[in-house]
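In what follows, residues are counted from 1 in the order of the sequence shown. The structure presented is a predicted model; accordingly, all values stated were derived computationally and were not measured.
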Amino acid sequence: MSPTSTPRAIKPKSALGFTRKLLAWFDRHGRDLPWRRTRDPYRVLVSEFMLQQTQVSRVTEYYPRFLERFPTVEHLARAQPRAVREAWDGLGYYARARNLHSLAKSVAGKGVPDKGVAGSGAIPNDPAELIKLPGVGRYTAGAVASFAYERPVAAVDTNVARVLRRAFLSDNGKRKTDSAKVWDLATTIVPKNGKRAWKFNQAIMELGALLCVARKPKCPECPVRKSCRTGRRVGRRVDA
């Protein structure tokens, strides 16, 4: 299913309360991360590529240095592969750096095959176009559209999928529910207002990173536990 497909899921009754409590919690507890202070699509893209399989604390070290060396997509497009590798050295998973470099050259029209998106110098704002770029999957396409352009679209990474499964589905955060169903659910509950969607996507990722973690979720501390199937179940056990 494409990133812009019409959702098939029915919006859960508890989604409104879930969203309201989640956004209020994020206002108070959301981390001040450098990529949350920008709507520049290139800078958002760099952060998303770096954050793949890498801890936030490590990315916060590399992100400003990389942008100082390659401040725009054009600077990155003109760079030599060796220079990009040097700037990335220590982050690991070097295919990400190669893909990001290829993406920059594709956008800047430097002759890299691009599957239809080329040469404008502008990073697209439509997930269906973003996903054509090198190294961009469905999550990254949604994240850039939401975080750079405030498009009201879903962005489902591992943390978000786990939160949604625990909150609204019946598999306690495990990967039993197929991905399409989780994406349909996310697309259904993401706010339709772009600024609110930006905050919602950031907030649900934050919840998954800080509280609704994989092995030992901190349900008693969770702001949405009363709107969450798993949280309500845990609460009944505690009260019993």
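- Using a 4.0 Å cut-off between a side-chain N of Lys or Arg and a carboxylate O of Asp or Glu, Lys132 and Glu129 qualify as a salt bridge.
- In the model, Thr19 has no side-chain atom that pairs as donor or acceptor with a side-chain atom of Arg196 under 3.5 Å.
- In terms of modelled atom types and a separation under 3.5 Å, the side chain of Arg232 and the main chain of Lys226 share a donor-acceptor contact.
- Side-chain atoms of Ser47 come within 3.5 Å of backbone atoms of Val44 as a donor-acceptor pair (strictly under, hydrogens ignored).
- Judged by distance alone, with hydrogens and angles left aside, the side-chain atoms of Arg96 form a donor-acceptor pair with the main-chain N or O of Gln52 at under 3.5 Å.
- For Tyr94, the OH atom is densely surrounded, since the number of other residues' heavy atoms within 6.0 Å is greater than 12.
- Side chain of Arg162 to backbone of Gly208: a donor-acceptor contact under 3.5 angstrom is found.
- A continuous path of Ile, Leu, Val, Met, Phe, Trp and Tyr side chains, each step under 4.5 Å between heavy atoms, connects Val56 with Tyr139, placing both in one hydrophobic cluster.
- Aromatic rings of Trp35 and Phe147 (six-membered ring for Trp) have centroids beyond the 6.0 Å cut-off, not under it.
- Proximity of a side-chain donor or acceptor of Ser106 to a complementary backbone N or O of Ser102 within less than 3.5 Å is not detected.
- Counting only distance, with no hydrogens or angles, the side chain of Arg166 and the backbone of Cys228 share no donor-acceptor pair below 3.5 Å.
- Residues Phe49 and Leu91 form no side-chain contact, since every pair of their non-hydrogen atoms from C-beta on lies 4.5 Å or further apart.
- For the pair Arg69 and Phe66, the NZ or CZ position fails the cation-pi test of under 6.0 Å to the six-membered ring centre and within 45 degrees of the ring normal.
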